[in-house]
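To start, the structure under review is shown below, and the notes come after it.
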Number of protein chains: 2
Amino acid sequence: MTETGLREAKRRATAHALAEAAFDLAVERGVDGFTIDDVAARAGYSRRTFANHFSCKEEAITGLAVERLREGLETMPEVPEDTPLLDWLMALARHQLSGGMLPLLQQLRHLAVDHHGLEPYLADVQLQIRRTAQDAVSARAGSNVSRLSSHILVGAAYGALMAVLDGRVPIRHPGDTSEGLTVDEFLTTVFTHLRRGF
Amino acid sequence: MTETGLREAKRRATAHALAEAAFDLAVERGVDGFTIDDVAARAGYSRRTFANHFSCKEEAITGLAVERLREGLETMPEVPEDTPLLDWLMALARHQLSGGMLPLLQQLRHLAVDHHGLEPYLADVQLQIRRTAQDAVSARAGSNVSRLSSHILVGAAYGALMAVLDGRVPIRHPGDTSEGLTVDEFLTTVFTHLRRGF
DNA sequence: CACATCATTGCCCAATGGGCAATATTTCCC
DNA sequence: GGGAAATATTGCCCATTGGGCAATGATGTG
């Protein structure tokens, strides 16, 4: 499934360097305060190579988040086969959010405020998050849960995450001002909600 | 809130003409089988005017769906003040899906298969659908429903819709082959599910 | 080691985005 | 109604971008 060779590792390293350069430049100068050439130069690659990895600036800027999503899947620890689906989904959510994914997404949303052109690519990241969770759930659910209801379940959890990203539910990060729930409290609240139903 | 003057009407007309031209060309020739100049020419406007309305081809192609979403909101019929939130959300969903929105979204997804660059813009449309529903629900829910749970509810309904768009749940259109549920049966199933909880 | 595969790069050019200014139309206010 | 302000359309122009092609070098396979 997943490539493991040296070649693939180098490819990922290149993509990472480019994505990081793009993200940093976006934070420093704003999304339209730099060109693709600037990104390539900072990362130490040619503009042509940039085009081999990303279709545009915006895709590169969101690249770190996509990367982290994929890595989160690869490093997801094993859980007992008979773990209830809801518990497992909560574990997946906790694992994904533990690696600084949330602040990253929030910063991307902040960038999107000033540069509307980033929105679609951020929307795509969010879509990939939902799809990733959906695929994982579908694969694990088997025939225990009907197809449609698993989509409803994932959508519900996704909706809660979006509430955070849209700033409707404040979250308190480790070294943050003391407003809102911690990530763990948030997850507990959400999944308690899901368990009890509407 | 919504502009109603002649100027705004004309502006919408040009945007519609451009979006329609872009969508039709995409269906006829594929997403990369034409240029922005082609779109402008077919709609009878200049390339420069196209740029005043859309940032790129992809945004124009999905323009019809965004338009329809906005119109759906504007034409949403009034319902009694004391209608339960779930019933109201179902009415909103039915109203939005009644205007041929579903086939349009499905065709866009079909286009995105061959042209990956369309994905982010389609993802953005889907994000706007969820946000639109969320804003409407939040505005109507008032303090009846806690903030977070309304997001979970909308997310759940959204997840069901995505199951359809992802082709996981077949839907039968009026003059279609007889496989899957009708839109009404689908909505009934979903909202029965939501009512009963997990 | 020989060969196939693939990432990086330069070269090149069509396509794109976006600023600026001119013109035409709509809106606003008197 | 009439004049002024706002704004949609357009042409002009050029920096930026996307992507094909071929050369080169690194990686994987037998």
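Naming convention: chains lettered A, B, ... in sequence-line order (proteins, then strands); numbering from 1 in each chain. Predicted, not measured: the structure shown is a model, and the values here were computed from it.
Note on residues 84-99 of chain B: pairs passing salt bridge (charged side-chain N to carboxylate O under 4.0 Å, His left out), not counting sequence neighbours, are Asp87(B)-Arg195(B), Arg94(B)-Asp184(B).
For Glu58(B) and dT17(D), the CD to P distance is 16 Å, given to the nearest whole Å. In this structure, Asp37(A) atom CG and dG10(C) atom P are separated by 11 Å, rounded to whole Å. When rounded to the nearest whole Å, the span between CG of Leu18(B) and P of dT10(D) equals 9 Å. With rounding to whole Å, Glu59(B) atom CD is found 14 Å from dT16(C) atom C1'. For the pair His115(B) NE2 and dG18(D) P, the computed distance is 12 Å after rounding to whole Å. At whole-Å resolution of the value, CZ in Arg12(B) and P in dT26(C) are 17 Å apart.
A salt bridge is absent between Asp37(A) and Arg48(A): the closest approach of a Lys/Arg side-chain nitrogen to an acidic carboxylate oxygen does not fall below 4.0 angstrom. Using a 4.0 Å cut-off between charged nitrogen and carboxylate oxygen, Glu74(B) and Arg12(B) count as a salt-bridge pair. Using a cutoff of 4.0 Å between basic side-chain nitrogens and carboxylate oxygens, Arg47(B) and Asp38(B) are not scored as salt-bridged.
Between Lys10(B) and dT26(C) there is a side-chain N or O to OP1 or OP2 distance below 4.0 Å. A close approach under 4.0 Å does occur between a side-chain nitrogen or oxygen of Thr14(A) and OP1 or OP2 of dT8(C).
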Solution key, residues 22-32 of chain A side-chain donor-acceptor pairs under 3.5 Å, sequence neighbours excluded:
| from | atom 1 | to | atom 2 | distance (Å) |
| --- | --- | --- | --- | --- |
| Glu28(A) | OE1 | Arg42(A) | NH2 | 3.0 |
| Glu28(A) | OE2 | Arg42(A) | NH1 | 3.3 |
| Asp32(A) | OD2 | His115(A) | ND1 | 2.8 |

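With sequence neighbours left out, the side chain to side chain contact (heavy atoms under 4.5 Å, CB included) criterion links Pro77(B) to His95(B). Checked against ring pair (Phe, Tyr, Trp, His ring centres under 6.0 Å), Tyr45(A) has no partners two or more places apart in sequence or in another chain. For Arg109(B), the side chain to side chain contact (heavy atoms under 4.5 Å, CB included) partners two or more places apart in sequence, or in a different chain, are Leu127(A), Arg131(A), Glu119(B), Leu122(B), Gln126(B), Leu165(B), Asp166(B). The side chain to side chain contact (heavy atoms under 4.5 Å, CB included) check on Ala136(B) picks up Trp88(B), Leu92(B), with sequence neighbours excluded. Residues meeting the side chain to side chain contact (heavy atoms under 4.5 Å, CB included) test with Ser150(B), sequence neighbours left out: Gln134(B), Val137(B), Ser138(B), Val145(B).
Applying the under-4.5 Å side-chain rule to Ile, Leu, Val, Met, Phe, Trp and Tyr, the cluster around Tyr121(A) extends to Tyr121(B).
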Nucleotides 23-25 of chain D: which of its N/O atoms have a protein N/O under 3.5 Å away?
none

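The structure places CG of Leu104(A) at 11.5 Å from CG of Leu97(A), a figure rounded to the nearest 0.5 Å.
Of the residues in residues 41-53 of chain A, those lying under 4.0 Å from DNA chain D by heavy-atom distance are Arg47(A), Arg48(A). Of the residues in residues 19-36 of chain A, those lying under 4.0 Å from DNA chain D by heavy-atom distance are Thr35(A), Ile36(A).
For the 3.5 Å distance criterion, the side chains of Gln128(A) and Thr132(A) fail to qualify, holding no donor opposite an acceptor. Side-chain polar atoms of Thr189(B) and Thr192(B) form no donor-acceptor pair below 3.5 angstrom.
Taking the C1' atoms of five terminal pairs at each end of the helix from dC1(C)-dG30(D) to dC30(C)-dG1(D), the two resulting helix axes are inclined by 50°, rounded to 10°.
The nearest heavy atom of DNA chain C to Ser55(B) and to Ala15(A) marks one nucleotide each, and the one closer to the 5' end goes with Ala15(A).
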